[in-house]
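Each remark here refers to the structure printed beneath this line.
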Amino acid sequence: MAKPSLAVESMSRSGIREIMELAWTVEDVIHLEVGEPNFATPDHVVEAAHQAATDGFTRYTPNAGIPELREVLAQKVRDRNGIEASADQIVVTPGAVVGLYSTLAAVTDPGAEVLLSDPSWPNYHLMMTLQGITPRLFPLSAEDDFIPNAARIEPHITDRSKVLLLNSPGNPSGATTTREALVELLELARAYDLWVLSDEVYDEIWFDDPHVSAGPLDPDGRVVTFFSFSKTYAMTGWRVGYLVTPPSLTENVIKTQEPISSCVNAPAQKAAVAAITGPQEVVAEMRDAYRRRRDRVVELLGREGIPHVRPTGAFYLMADVSGSGMSGLEFARRLVLERGVAVVPGNTFGPGSTAYVRLSLATATEPLLEGVARLAAAVKEWGA
Ligand code: PLP
């Protein structure tokens with residue numbers, strides 16, 4: 001009998017999926033597991049896509065995206081991220097996830113190693129499994145506020161290491177990497193001649209200090225930066241992301257688009273132009289709402305004595321639930337079944353994160369606070 005791919009068979013099941021499926025069996029669940037904004041896509045963005053479809057703008061586009069969009073995105077990364085890129089260095093992808101997948105393909109061969117933090121967004125691991133890449137995990141710790149530290153990464157580098165993958169603001173920690181830490185990380189990358197893939201899809205969602213991009217700190221052209229419309233403009237289902245490559249890599253990254261997706265949905269690219277060039281108040285409004293929720297949740301967890309790291313960006317928070325006497329996974333299963341609150345178990349993000357669960361601040365304030373109160377009560381009762 002013909003056998004399916006070993007790589008795909010070996011892919012682990014997403015812990016987020018498992019909790020979502022359990023949540024479907026329970027009525028009136030408070031969803032703190034979801035990682036998408038509870039806001040609607042702005043009207044002018046929807047209107048631009050509608051107009052494009054009505055005008056017949058419904059055909060294949062160039063692999064790297066329509067010139068108009070690449071042009072405004074080059075302007076955006078110059079103005080908002082300080083990255084001096086021209087439109088030719090921008091590649092529009094169906095979400096940042098495809099940008100990351102295709103860039104990994106463009107810079108590695110099977111057997112290569114990628115330095116990846118524990119915890120990190122699980123899709124990185126999954127895409128590496130599919131491509132025959134080995135993730136080399138380096139731990140992030142709550143004592144360092146989940147910020148990567150070059151000295152702690154260095155021991156994990158081998159002669160097969162090709163890439164250092166960074167993510168700030170970070171999922172699942174909500175940590176933002178400081179300029180000083182980034183400078184050291186880029187020095188490390190130079191010393192070992194690594195590509196740096198910098199996932200900055202939450203670049204506009206910062207709470208204390210404005211986001212710092214890795215690109216402007218890179219004199220050598222080794223950083224590829226990933227951005228997205230998903231979170232910034234509440235456009236998760238539109239599937240538009242983009243990346244900035246150094247000139248030496250652009251052609252290879254564009255080449256990978258043809259077999260992977262060929263191009264991004266044409267009306268969605270017009271919607272993306274409208275999002276970037278239209279009113280930006282929506283972005284600040286969403287950021288302010290997440291910040292207010294962060295403050296309320298941190299205050300509540302502090303009052304209840306649940307250990308956590310205060311997020312400085314993105315819209316997630318890691319809470320240490322070991323006080324319940326259970327692993328994050330057992331706790332998350334029981335929490336959804338017995339208390340009607342869905343959170344993501346920490347082991348989803350890496351083997352070093354089993355004491356944690358991740359909650360999302362992208363849920364409306366009232367259910368969010370109710371969910372956190374139930375979580376805190378469960379830690380105390382089950383741990384008693
Ligand atoms: N990178 C991180 C860290 C994410 O959390 C996500 C989505 O949750 C993505 C990338 C994917 O974004 P997109 O919707 O643009 O594919």
Side-chain angles (χ1 to χ4, degrees), residues 20 34-81 85-103 105 123 127 199-205 225-245 250-251 253-287 289 315 362 364:
M20 279 168 74
V34 283
E36 60 182 341
N38 66 319
F39 299 98
T41 303
D43 289 345
H44 67 278
V45 174
V46 178
E47 182 45 41
H50 181 235
Q51 193 61 52
T54 310
D55 292 347
F57 193 76
T58 51
R59 297 177 180 276
Y60 288 128
T61 78
N63 293 136
I66 55 174
E68 180 190 6
L69 179 55
R70 294 173 82 199
E71 211 48 76
V72 296
L73 290 174
Q75 190 69 44
K76 180 268 176 183
V77 299
R78 285 197 294 268
D79 293 349
R80 300 191 215 165
N81 304 101
S86 66
D88 327 326
Q89 290 167 258
I90 306 282
V91 182
V92 182
T93 56
V97 69
V98 173
L100 283 153
Y101 188 91
S102 52
T103 305
N123 288 29
M127 53 181 87
D199 180 342
E200 304 183 17
V201 301
Y202 298 96
D203 66 327
E204 309 252 16
I205 308 178
T225 318
F226 302 85
F227 299 102
S228 179
F229 288 80
S230 289
K231 321 287 175 170
T232 309
Y233 296 99
M235 291 176 65
T236 46
W238 294 75
R239 311 309 302 132
V240 194
Y242 54 104
L243 57 90
V244 189
T245 75
T250 313
E251 272 318 306
V253 172
I254 293 175
K255 256 202 285 189
T256 63
Q257 301 309 304
E258 180 60 27
I260 293 177
S261 62
S262 300
C263 68
V264 170
N265 172 314
Q269 292 192 56
K270 288 285 191 183
V273 172
I276 287 284
T277 56
Q280 298 301 303
E281 289 78 19
V282 281
V283 178
E285 280 164 20
M286 286 192 270
R287 179 193 304 138
F315 42 56

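Sequential numbering from 1 along the given sequence is applied to the chain's residues.
Across every non-hydrogen atom of Ser86 and Ala74, the tightest pair is C-CB, 3.8 Å. In plain terms, the two heavy atoms of Ala271 and Ala49 that are nearest each other are CB-CB, 4.0 Å. Of all heavy-atom pairs between Tyr233 and Pro42, the closest is O-CD, 3.4 Å. When all heavy atoms of Val240 and Ser228 are compared, the pair lying nearest together is O-OG, 3.6 Å. Closest non-hydrogen pair, Thr250 versus Asp88, comes out as CG2-O, 3.0 Å. Looking at every heavy atom in both residues, Gln280 comes nearest to Gly278 through NE2-O, 2.8 Å.
Rounding to the nearest 0.5 Å places CG of Leu243 at 12.0 Å from CD of Glu200. To the nearest 0.5 angstrom, Lys270 atom NZ is 13.0 Å from Asn265 atom CG. The CZ atom of Phe229 sits 9.5 Å away from the CD atom of Gln269 when rounded to the nearest 0.5 Å. Between atom CZ of residue Arg78 and atom CG of residue Leu73 there is a gap of 10.5 Å, rounded to the nearest 0.5 Å. Taken from NE2 in His44 to CD in Gln51, the straight-line distance is 14.5 Å, to the nearest 0.5 Å. Taking OG1 from Thr232 and CZ from Phe227, the interatomic distance works out to 9.5 Å, rounded to the nearest 0.5 Å.
Phe57 has its side chain within reach of Ile66: a pair of non-hydrogen atoms, C-beta onward, lies under 4.5 Å apart. Here the side chains of Leu100 and Met127 are in contact, with some heavy-atom distance below 4.5 Å. Looking only at side-chain heavy atoms (C-beta outward), Val97 and Arg239 come within less than 4.5 Å of each other. At a threshold of 4.5 Å between non-hydrogen side-chain atoms, the residues Thr103 and Thr245 do not count as touching. A 4.5 Å side-chain heavy-atom check between His50 and Thr54 finds at least one atom pair inside the cut-off.
The only option from Val98, Thr93, Asn63 that meets the side chain to side chain contact (heavy atoms under 4.5 Å, CB included) definition with Ile260 turns out to be Val98. Exactly one residue among Cys263, Ser102, Ser261 makes a side chain to side chain contact (heavy atoms under 4.5 Å, CB included) with Pro94. That residue is Ser261.
Within 6.0 Å of the CG atom in Asn123, the count of heavy atoms belonging to other residues, nucleotides or ligands exceeds 12.
Between the side chains of Ser262 and Gln257, no donor N or O sits under 3.5 Å from an acceptor N or O.
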Problem set entry | Intermediate values then yes/no, side chain to side chain contact (heavy atoms under 4.5 Å, CB included), Ile205 and Met286 | CA-CA 8 Å; Ile205 308 178; Met286 286 192 270; over 6 Å; no
For this session: Would you please test Phe226 and Tyr242 for ring pair (Phe, Tyr, Trp, His ring centres under 6.0 Å) and show each step?
Result: CA-CA 6 Å; Phe226 302 85; Tyr242 54 104; over 10 Å; no
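Ionic pairing of Asp203 and Lys76 is present here: one or more N-O contacts between side-chain nitrogen and carboxylate oxygen are shorter than 4.0 angstrom. Taking 4.0 Å as the cut-off between side-chain N and carboxylate O, Glu204 and Arg80 count as a salt-bridged pair.
A distance-only check finds no donor-acceptor pair linking the side chain of Thr58 to the backbone of Ala53 [under 3.5 Å]. Between the Asp199 side chain and the Val201 main chain, a donor and an acceptor come within less than 3.5 Å of each other.
The ring of Phe315 has its center closer than 6.0 angstrom to the ring center of Tyr202.
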